[in-house]
There are 2 protein chains.
Amino acid sequence: MELDSRKKAILYAIIENYQETGEPVGSRTISKLEHFKFSPATIRNEMADLEEMGLIVQPHTSAGRIPTDKGYRLYVDKMLEEQKEAKKDIPALPMADLLSKRIDRVEELLVKMAQILASNTNYTTMVTGPHYRKNKLKFLQLSSMTDGKILAVVVLEGNMVKNHILDVGETLDPQELLNLNFLLNNRLNGLSMEEINLGLISSMKEEAGAHSQVVLQILDAVAETFAQEETYPIYTSGAPNIFRYPELTGGDRASELISTLEEKKELGSAIGQLSKGGSQQDIQVFIGDEVPVDSMKDCSVVTATYSLGEGVQGKIGIIGPKRMNYQKVVDTLKDTMNQLDQVFAKPEE
Amino acid sequence: MELDSRKKAILYAIIENYQETGEPVGSRTISKLEHFKFSPATIRNEMADLEEMGLIVQPHTSAGRIPTDKGYRLYVDKMLEEQKEAKKDIPALPMADLLSKRIDRVEELLVKMAQILASNTNYTTMVTGPHYRKNKLKFLQLSSMTDGKILAVVVLEGNMVKNHILDVGETLDPQELLNLNFLLNNRLNGLSMEEINLGLISSMKEEAGAHSQVVLQILDAVAETFAQEETYPIYTSGAPNIFRYPELTGGDRASELISTLEEKKELGSAIGQLSKGGSQQDIQVFIGDEVPVDSMKDCSVVTATYSLGEGVQGKIGIIGPKRMNYQKVVDTLKDTMNQLDQVFAKPEE
DNA sequence: CGTTAGCACTCAATTGCTGCGAGTGCTAAC
DNA sequence: GTTAGCACTCGCAGCAATTGAGTGCTAACG
């Protein structure tokens with residue numbers, strides 16, 4: 001069966017109409033549209049063909065048609081193709097304000113970004129925390145606190161900062177602390193997790209002498225900081241938006257979706273899989289069954305990879321119904337990525 | 001009308017039965033209960049009286065009775081009264097593991113606590129971040145990073161630690177940084193937000209000489225750290241639990257509840273009001289209309305005040321249907337508070 | 001006088017039925 | 001190739017009948 005241009009036009013009309021109304025669209029509706037000069041009967045013939053090709057279906061015999069996953073896929077692929085050439089201008093998000101402000105913690109930026117995206121698109125947004133690949137220790141800083149406790153601030157490349165309060169049991173005088181500080185920074189700075197090996201550790205313990213226990217505790221803290229970057233957090237925003245789309249909330253589906261979003265664990269591993277094939281193009285669209293999370297088989301997910309420079313990167317995903325406005329979501333994500341790039345690419349160089 | 005002991009027994013039986021089933025309970029059900037040797041007819045007479053007193057109602061004429069807010073209030077008050085004397089032992093939560101582990105960040109503890117409470121009670125839990133009253137600056141620590149940036153770590157009493165990366169524009173040599181570090185700590189340590197006044201600031205600027213701009217930036221960072229403690233965060237957990245209770249999810253209520261929980265802002269101001277009257281007893285129960293959040297008028301909320309020593313305290317709240325198991329929730333919260341006290345009271349003294 | 005059996009009554013929920021309408025597929029005519 | 005016409009399907013709203021849980025009342029009982 002040939003998919004001529006008229007069939008395509010009808011398919012896209014069905015998809016776009018269904019996006020707006022959420023209801024199956026019939027032949028009459030299409031024929032009354034601007035660009036179509038054919039009677040409902042003609043449309044029906046074409047629709048029968050489209051159904052045969054598996055691009056649309058009828059929910060029940062006496063209803064209009066809705067697109068299948070395959071139909072959406074065709075539509076989205078064509079859309080992404082066109083994107084490459086003509087770049088559509090969409091109103092810029094108020095992201096600039098956010099980005100121009102001094103950002104102390106990457107997490108805050110990500111959370112706010114998720115919120116803006118969610119409220120702008122009316123879909124649900126999830127963002128994985130930054131993933132620092134083969135990260136290195138930039139420096140660490142020890143300060144003494146009250147009664148036998150010291151504060152260890154561990155700073156990784158990419159300005160990931162984490163505090164650890166260590167109970168060392170003994171009270172270190174300022175000079176000793178300074179020495180330790182020097183020793184550790186001297187030996188460890190610029191090293192990655194793998195490079196801090198047993199030989200290095202034992203030689204440091206030796207040098208630290210009486211304070212070898214403290215050194216071990218600090219190394220624990222360093223290890224934990226590296227480890228935390230492995231198990232990056234996931235932020236979600238706009239979860240209640242799913243209630244806007246009846247097809248997602250019928251039955252117990254709402255409950256399942258909300259649970260998945262809250263638990264986040266499953267999302268994490270899914271996100272990992274999401275990145276499998278898309279290295280050439282940073283925006284990916286998953287439709288219905290293509291989504292690797294069971295409770296989201298009725299949704300579509302659009303993901304993008306963001307980068308904050310210095311190899312710091314993560315994923316951002318927009319979750320909505322299969323009839324989501326792919327055009328808008330893709331454009332919005334691209335715009336956001338561009339803005340991020342502009343802000344982070346320049347000052348880091 | 002007299003509320004004799006038999007009437008009370010029947011009221012409590014209705015409440016407890018309704019807690020389990022979620023369905024209106026009829027006279028037959030009560031009379032078949034263990035401890036009741038009366039016929040349904042007798043029970044009916046008593047129930048008519050209870051209804052007259054406004055303690056129970058019929059959702060519709062041919063249905064059983066369900067408790068009113070007033071009925072619950074009576075039940076809860078009596079329960080809280082009994083609590084004071086006989087302390088019931090409930091199985092301890094696995095909170096000990098959590099508490100015995102080294103806790104670097106208070107937030108993490110709170111989030112995990114919320115998760116455990118939510119999964120243990122099957123209700124929704126919210127926790128306000130710690131509120132540091134008239135907090136003081138413990139110390140601050142400057143370190144130089146790459147190209148004109150310095151890391152300022154601000155530590156408040158109560159071991160609240162916050163990092164700020166400042167772009168100072170100029171490159172400070174280590175000695176200058178040390179001097180600044182000394183100057184600032186010398187002047188500011190032990191002071192509260194209010195005590196850092198304009199006179200102090202201008203005298204420090206003078207002393208800093210060429211680096212007065214840097215001093216200002218650092219003061220900004222300090223102010224922001226204090227400010228963040230004012231706008232304490234709110235963590236929620238177990239939001240999907242509300243789907244377990246059909247009376248909360250009928251119609252659009254689920255959506256409203258979930259939205260309220262995600263937005264959290266309204267919760268924050270509400271939590272403030274929650275603490276108004278309950279200084280003598282740290283556990284408070286709000287039933288139905290007593291809850292100061294509109295979208296939660298069909299819920300009950302049990303709150304407790306936790307304290308992590310050094311005047312660091314916040315609120316924890318369990319949100320469930322009006323037919324929640326108050327006994328279990330109150331016991332669980334008390335137990336949790338006790339465990340927190342035990343862990344934090346000792347080492348801090 | 002408190003308790004209970006009996007009975008008429010109420011009303012939500014369920015079931016089954018009907019008519020409506022949107023939409024289709026097919027056929028025949030243009 | 002396109003269109004008008006028509007029979008057909010099927011979800012859905014509306015309505016009546018039925019069911020059943022539960023009540024309130026009254027009269028009898030110990």
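Below, read A as the first sequence line, B as the second, and so on, with proteins coming before strands; counting in each chain starts at 1.
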Point to revise | Gap between atoms CD1 and C1', on A:Ile30 and C:dA22 respectively (whole Å) | key: 15 Å
What N/O pairs connect the protein and nucleotides 28-30 of chain C at under 3.5 Å? Give each pair on its own line.
none

Revision key, fill the gap. B:Asn45 CG to D:dG24 P, in whole Å, measures 9 Å
Check your understanding: Over how many whole Å does the gap from A:Ile10 atom CD1 to D:dG1 atom C1' extend?
Key -> 14 Å
Review point. Where the side chain of B:Thr29 meets the backbone of B:Val25, is there a donor-acceptor pair that is under 3.5 Å apart?
Key: no
Check your understanding: Between the side chains of B:Ser300 and B:Tyr326, does any donor sit under 3.5 Å from an acceptor?
Key -> yes
At a cut-off of 3.5 Å, list every protein nitrogen or oxygen paired with a nitrogen or oxygen from nucleotides 27-30 of chain D, distance to 0.1 Å.
none

**Study point:** Neighbour count >12 (heavy atoms, 6.0 Å) for atom CZ, B:Arg28
**Key:** no
Review point. Are any of A:Ser39's side-chain N or O atoms less than 4.0 Å away from OP1 or OP2 of D:dT2?
Key: no
Point to revise | Pairing residues for B:Asp289 by the salt bridge (Lys or Arg N to Asp or Glu O under 4.0 Å) criterion, not counting sequence neighbours | key: none
**Study point:** Heavy-atom protein contacts under 4.0 Å, nucleotides 15-22 of chain D, coded B base, S sugar-phosphate only, - none
**Key:** ------BS
Study note, to complete from the structure: The ring-ring contact (aromatic ring centres under 6.0 Å, His included) partners of B:Tyr75 (sequence neighbours excluded) come to B:Tyr12
**Study point:** Worked verdict on A:Leu117 versus A:Leu333 for side chain to side chain contact (heavy atoms under 4.5 Å, CB included)
**Key:** CA-CA 8 Å; A:Leu117 282 171; A:Leu333 273 180; 4.3 Å; yes
Exercise for review: Find the bend of the helix from C:dC1-D:dG30 to C:dC30-D:dG1 as the angle between its two terminal axes (five pairs each), to the nearest 10°.
Suggested key: 20°
Review point. What integer distance in Å separates A:Glu46:CD from C:dT24:P?
Key: 14 Å
Check your understanding: Quick one: do B:Glu290 and B:Arg73 make a salt bridge, cutoff under 4.0 Å?
Key -> yes
Point to revise | Residues B:Asp69, B:Lys322: salt bridge by 4.0 Å N-O rule | key: yes
Review point. Among D:dT3, D:dG24, C:dT3, which nucleotide sits nearest the side chain of A:Ala41?
Key: D:dT3
Practice item. Please determine, for the side chain of B:His60, which listed nucleotide (D:dT2, C:dA5, C:dA12) has the closest atom? Key: C:dA12
Point to revise | side chain to side chain donor-acceptor pair (under 3.5 Å) evaluation trace for A:Ser237 with A:Thr125 | key: CA-CA 5 Å; A:Ser237 186; A:Thr125 304; over 6 Å; no
Exercise for review: Whole angstrom is fine here: how far is it from CD in A:Glu52 over to P in C:dC26?
Suggested key: 10 Å
Revision key, fill the gap. Test salt bridge (charged side-chain N to carboxylate O under 4.0 Å, His left out), reference A:Asp49, set A:Lys7, A:Arg65, A:Arg44, A:Lys8, output is A:Lys7
Exercise for review: Could you tell me whether B:Arg323 and B:Glu247 make a salt bridge, using a distance below 4.0 angstrom between a side-chain N and a carboxylate O?
Suggested key: yes
Point to revise | Atom pair distance, as rounded to whole Å: CG in A:Asp49 and P in C:dT24 | key: 14 Å
**Study point:** Under 3.5 Å side-chain donor-acceptor pair for B:Ser39 and B:Ser31
**Key:** no
Point to revise | Side chain proximity check, A:Val302 to A:Ile283, heavy atoms < 4.5 angstrom | key: yes
Point to revise | Length of the CD-P vector between B:Glu51 and D:dG24, whole Å | key: 7 Å
Practice item. Give the intermediate values and the outcome of side chain to side chain contact (heavy atoms under 4.5 Å, CB included) for residues A:Ile287 and A:Cys299. Key: CA-CA 7 Å; A:Ile287 298 164; A:Cys299 301; over 6 Å; no
Exercise for review: Calculate the interatomic distance between A:Ile43 atom CD1 and D:dT2 atom P; express it in whole Å.
Suggested key: 10 Å
Point to revise | Presence of A:Thr42 side-chain N/O under 4.0 Å of D:dT2 phosphate oxygens OP1/OP2 | key: no
